[in-house]
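FYI, the numbering just counts along the sequence from 1.
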Amino acid sequence: MYWRLLWTPMQAMYRSTLVLALAVCTSAQTWCNKHYMANQSVVPPGGNFPTSSASSSPLLAFRCAPAIRPYLAEDATSPASIIVDAPVTYTQIAKAQPITLLSGDAGSLAVTVSANGKTLATGIVPLNASKYEIQFSLTSLTAQMDAYNISCVANYAQQTYTTSTALSYLPNPTNSSITKMDLRTGALVAKPADGSDGEYESVFPIGFYTSFDDYLVGNLSILDDLKAQGFTIVHPIPTFDNITQLDQVLDHMQQVGLYLMYDMRSTYMNATSVTEQVNRIKSRPNLLLWYTADEPDGTSDPLDATTTAYDLIHSLDGYHPVSLVLNCQDHQFTAYTAGTDIVMQDTYMIGNNATWSNEWNTSCTPDFGDCGCDNCKGEFEDISARMDSFKERLDVLGWDRTKAVWTVPQAFGNESYWPRFPTGNEWLVQSIIGINHHALGIISWEDPTPSDIKSAASSLAKSLPSMIPFILNADATFSNLTSNRIDVGLWTVGSQTLLLAANLNYDEAYLDLNNLPTGIDHTKVTRMFDGGAEVNGESITFQSTGTGAFLLSS
C-alpha cells in the first residue's frame, strides 16, 4: 500500500524466500515499471490495457453468470438464478459476436441454460437486457467443491450465441464461515460478524487499513470505539508475528461485531504460508474476505502471482472472496486482476505534486517518474477517472459481472510525496466519488488517522445503513452526472431516489435540482447525510469540498 509511512519504491515488500526477495530487489528500480530516478533513462513501461476496436456493424455481447456465488446445499429448496446480459454494442469487447438485427432492433433471445448436458432452465431475454434473471432449481445438482461449468445458449432470428460461466454450488461448510457475492450488484452478503445466528444481509464494508503491533495490540478498546463510530470492518496490517496477540485482536473484533479483511500481502507468494494462514483463519465467523497482493503492479510482481495465490486460496476455502489493490493507472491490469474477486484502487492525490516528484527531483510522465499518484493530474477527478477505467476494463474483459471495484481513500500525510493530511471534508469527497463510480467498499489507508478524518469517516459510516437499500439494491436504476464539478450519484427504487453528491471545488457550488432527471418532485427532499450541503429552494448549496445525501420522491 505504498507502505505510506515507510515505503518508497526502493524498498521491497517482505518475501519469505531469498529467491523472491532477490526478484523484488531486481525490480525495485522501477515503480509501475517506470524508471523514476534522475540518473535513469526513460524506457516506456509497457503493459498498457489495449484499446478496444470499434465495429461498423452491431455486435451482441451475450454473457451469463450465477446471481449468487457461492450457492450452498442449504439453498437447494430456494430458487436460484442465472443472470443474462445481452447488450448490443459497436465495440469489440469480450464475447461480442456479429448480430443481424431485426427491423427496428427488436426481438428477444431464446436462452437455454444447462449443466453437464442437462437443461436447467429456459427463458426469453430482451435484447439489451441487463441483469435479466432466469430461475432454476438446484435440486437437480449435487453440492460439490468443484464449480459446475454452465452453458448458456441464445437463439435470435436463426443466429446462435454460446457462452459459459462457473456455478459454485458448495456443501454446507463444517469448518468455515461464509461470505457470498451478489453478482447482480457486486455486493458482499454475510451473516452477522459477531457469529450470532442471524440472516444473510448485504454488507457495505467501511473501515481502515489498521496498524497492528503499535496500535491494536494491547489496546483492544480501540475496536469498541470503531464499532461505536459506525465502522463495519477492520483490515489489520501485517506482519502478525505473535499469533496469540493476533487471536486476541480477532476474537475481540468478533465480540464487538466487526468484520475481518485478512491480509496476506507479505507472504501471498509463499504457498506454505498461505495454506497455513487460510486453514487457521477461515473458520472465523467474522472473516469477510481475503486480501493478497498489495500494489503488485507497482512492485512488478510476477504476472501469474495473484492468480496462483487465488487458485490456492479457493482450493482451501471456496467460501470467501479474494481482494487486492492496484496502484498504477495502467500497468498489467488484466494479469493482476485475473487473481481477484474484488479489485481496489488507491489514487492518492491529496497534497502531492502530480507532475514533479519532490522525492526524486524529476518530472512525472506516462513513461517516467514517481509522484505518488500514477499518471494523475492532482485533482479529485483522478479518482473518478481511475474508478471508471477499472470498471470499463472489467466490462471489456467480460468480468464486470463477476468482479467488483472498491476504493481506498487517502487518510495519511506529512510524509514523502504527501506533505499534508487530507481534511475531513476531503476524505468525504474521495469516498463519495468512489461510491458514485461503483465502489462497493471503502477501506482507507490508514488508522490511526487525524481526528477530523476519523470524525468525518464516522459520520459517513453511520449514515450508510440508510443508503444501503438503494446502493446495494439489485432493482435500483443508477445514473451518474457532473454539474459545476459536483459529482452526483442517483439510485432510484420505486418512487424514491437517493442523491449522493460531492463538491470537487474549493469554493461554494450549487446543484440545480431542475437539472436532474425528470419524474422527481424537487419539493420533496429529505437530507440523509450532512457533509456540508443544504437545500435552498430548487438547488442544493455545497460548501467548499462539501458533501451530502438526500432522499428525493416522485
Side-chain angles (χ1 to χ4, degrees), residues 1 13-17 20 66 68-72 143-148 166-181 183 186 188-190 203 205 209 233-240 243 246 250 259-297 299 301-326 334-344 399 402-406 440-441 443:
M1 191 54 57
M13 298 170 67
Y14 293 108
R15 291 292 183 263
S16 56
T17 67
L20 290 174
I68 300 293
R69 185 178 65 202
Y71 284 109
L72 302 177
Q144 61 184 39
M145 293 307 297
D146 293 333
Y148 284 93
L167 172 69
S168 186
Y169 179 41
L170 302 180
N172 298 329
T174 58
N175 63 343
S176 173
S177 59
I178 308 155
T179 301
K180 300 182 179 184
M181 283 188 73
L183 300 188
L188 300 188
V189 181
V203 178
Y209 290 84
I233 193 168
V234 174
H235 181 141
I237 303 170
T239 57
F240 309 125
I243 299 301
L246 176 62
L250 302 188
Y259 288 108
L260 167 65
M261 190 170 185
Y262 187 79
D263 191 328
M264 291 182 278
R265 75 178 69 195
S266 56
T267 57
Y268 90 96
M269 289 191 278
N270 182 324
T272 300
S273 179
V274 168
T275 299
E276 187 275 328
Q277 292 178 82
V278 170
N279 287 334
R280 177 162 46 83
I281 299 295
K282 67 183 181 181
S283 62
R284 287 192 167 273
N286 64 331
L287 173 63
L288 192 68
L289 73 165
W290 305 105
Y291 181 89
T292 56
D294 194 84
E295 301 178 338
D297 51 344
T299 51
D301 288 1
L303 295 182
D304 63 349
T306 62
T307 301
T308 298
Y310 181 91
D311 291 343
L312 175 57
I313 291 169
H314 273 265
S315 72
L316 301 166
D317 169 45
Y319 297 92
H320 300 91
V322 175
S323 66
L324 55 76
V325 71
L326 298 183
T334 303
Y336 294 124
T337 307
T340 193
D341 300 301
I342 296 163
V343 56
M344 306 164 70
W399 296 345
T402 56
K403 299 180 188 288
V405 182
W406 291 9
L440 298 175
I443 310 296

Any donor-acceptor pair under 3.5 Å from [X] side chain to [Y] backbone:
| X | Y | result |
| --- | --- | --- |
| Arg69 | Thr402 | yes |
| Ser323 | Trp290 | yes |
| His320 | Ser177 | yes |
| Thr179 | Leu288 | yes |
| Thr340 | Val322 | yes |

Whether the [X] and [Y] side chains hold a donor-acceptor pair (N or O, under 3.5 Å, no angle test) is what I'd like checked.
| X | Y | answer |
| --- | --- | --- |
| Tyr209 | Tyr291 | yes |
| Glu295 | Thr299 | no |
| Asp301 | Tyr268 | yes |

Test item: Leu289 and Asp341 side chains (from C-beta on) under 4.5 Å apart, heavy atoms: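 In short, these two side chains do not touch, never coming nearer than 4.5 Å.
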Non-hydrogen atoms of [X] and [Y] that approach each other most closely:
| X | Y | value |
| --- | --- | --- |
| Tyr336 | Pro296 | OH-O, 3.4 Å |
| Val234 | Pro236 | O-CD, 3.3 Å |
| Tyr262 | Leu287 | CB-CD1, 4.0 Å |
| Tyr319 | Ser176 | CB-OG, 3.6 Å |

Point-to-point distance, once rounded to the nearest 0.5 Å, from CG of Leu170 to CD1 of Ile178: 9.0 Å
